[in-house]
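Report on the structure given below.
If you're wondering where the values come from, they're calculated on a predicted model, not measured in any experiment.
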Amino acid sequence: MIPDFLRTFPVPRHGPDGTASEVSVPVEEPLELQLRYPGDPPSTLVVLMRTPGDDLDFVTGFLLSERIIDSPSDLVELREAGIGRNTHNIVLATLSPERSFSPR
């Protein structure tokens with residue numbers, strides 16, 4: 001079975017018989033990162049392109065590298081928040097009330 005982050009496509013070969021072979025390539029999809037404080041509505045911080053998989057770890061690393069959080073304990077909640085067939089393309093991060101952040 002091919003993992004979800006790979007797609008298989010027929011690729012024509014440049015041989016004399018013109019046969020096609022299949023090749024698997026990684027997929028790139030958008031990931032919307034929403035931030036909020038407890039009790040507040042979410043706000044989109046950024047849309048990132050990534051190969052799907054380990055999205056919650058990816059978002060945690062992004063928040064750490066951008067110094068939005070100092071440690072994972074600055075998050076009250078981190079979960080997939082998409083709807084329908086895009087359930088894995090939106091992540092909602094709820095910041096601890098003690099964590100100060102302004103996107104400006």
Side-chain angles (χ1 to χ4, degrees):
M1 179 171 193
I2 296 176
D4 288 342
F5 61 86
L6 293 177
R7 299 291 185 269
T8 301
F9 299 96
V11 177
R13 295 183 355 180
H14 298 287
D17 60 358
T19 59
S21 60
E22 290 191 345
V23 64
S24 295
V25 296
V27 174
E28 186 176 62
E29 291 183 357
L31 177 67
E32 179 180 344
L33 171 52
Q34 299 178 345
L35 281 183
R36 72 179 187 125
Y37 285 101
D40 290 345
S43 177
T44 298
L45 175 67
V46 67
V47 175
L48 304 162
M49 295 302 290
R50 90 310 186 196
T51 297
D54 300 322
D55 291 337
L56 300 181
D57 290 335
F58 175 68
V59 165
T60 301
F62 176 81
L63 294 172
L64 286 164
S65 69
E66 294 297 317
R67 296 187 174 152
I68 296 168
I69 62 173
D70 290 328
S71 75
S73 65
D74 289 333
L75 296 171
V76 173
E77 179 184 39
L78 185 65
R79 66 177 172 87
E80 292 181 334
I83 57 173
R85 57 183 276 245
N86 291 319
T87 57
H88 63 281
N89 283 348
I90 301 173
V91 170
L92 174 62
T94 304
L95 298 174
S96 168
E98 293 80 30
R99 183 70 191 160
S100 176
F101 171 71
S102 175
R104 293 171 188 39

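- Taken to the nearest 0.5 Å, the CZ atom of R79 stands 10.5 Å off from the CD1 atom of I90.
- Separation of atoms CG (L48) and CG (N89) is listed at 11.5 Å; rounding is to 0.5 Å.
- Closest approach of P30 and V47 over heavy atoms only: CB-CG1, 3.9 Å.
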Handout entry: Working for side-chain contact (heavy atoms from CB on, under 4.5 Å), residues L75 and R99
Key = CA-CA 9 Å; L75 296 171; R99 183 70 191 160; over 6 Å; no

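- Interatomic distance, D55 CG to L31 CG, rounded to the nearest 0.5 Å: 5.0 Å.
- Residue-environment remark: CG (D54) stays at or below the threshold of 12 foreign heavy atoms within 6.0 Å.
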Practice task
Would you please test L35 and S43 for side-chain contact (heavy atoms from CB on, under 4.5 Å) and show each step?
Solution key: CA-CA 5 Å; L35 281 183; S43 177; 5.8 Å; no

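- Rounded to the nearest 0.5 angstrom, T60 OG1 and D74 CG are separated by 11.0 Å.
- Hydrophobic cluster membership is shared by L33 and L64, with clusters built from Ile, Leu, Val, Met, Phe, Trp and Tyr side chains linked at under 4.5 angstrom.
- Panel note: side chain R36, backbone L95; no donor-acceptor pair is recorded below 3.5 Å.
- If you take CD1 on I69 and CG on L78, they are separated by 8.0 Å, rounding to the nearest 0.5 Å.
- In this structure, CD1 on I68 lies 4.5 Å from CG on L45, to the nearest 0.5 angstrom.
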Practice task
Determine, stepwise, if the pair R50 / E29 fulfils side-chain contact (heavy atoms from CB on, under 4.5 Å).
Solution key: CA-CA 6 Å; R50 90 310 186 196; E29 291 183 357; 3.3 Å; yes

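- P72 has its side chain out of reach of L63: every pair of non-hydrogen atoms, C-beta onward, lies at least 4.5 Å apart.
- Cluster membership for V46 and L56, using ILVMFWY side-chain heavy atoms within less than 4.5 angstrom, is shared.
- For T51 (side chain) and V27 (main-chain N/O), a donor-acceptor pair under 3.5 Å exists by modelled atom type.
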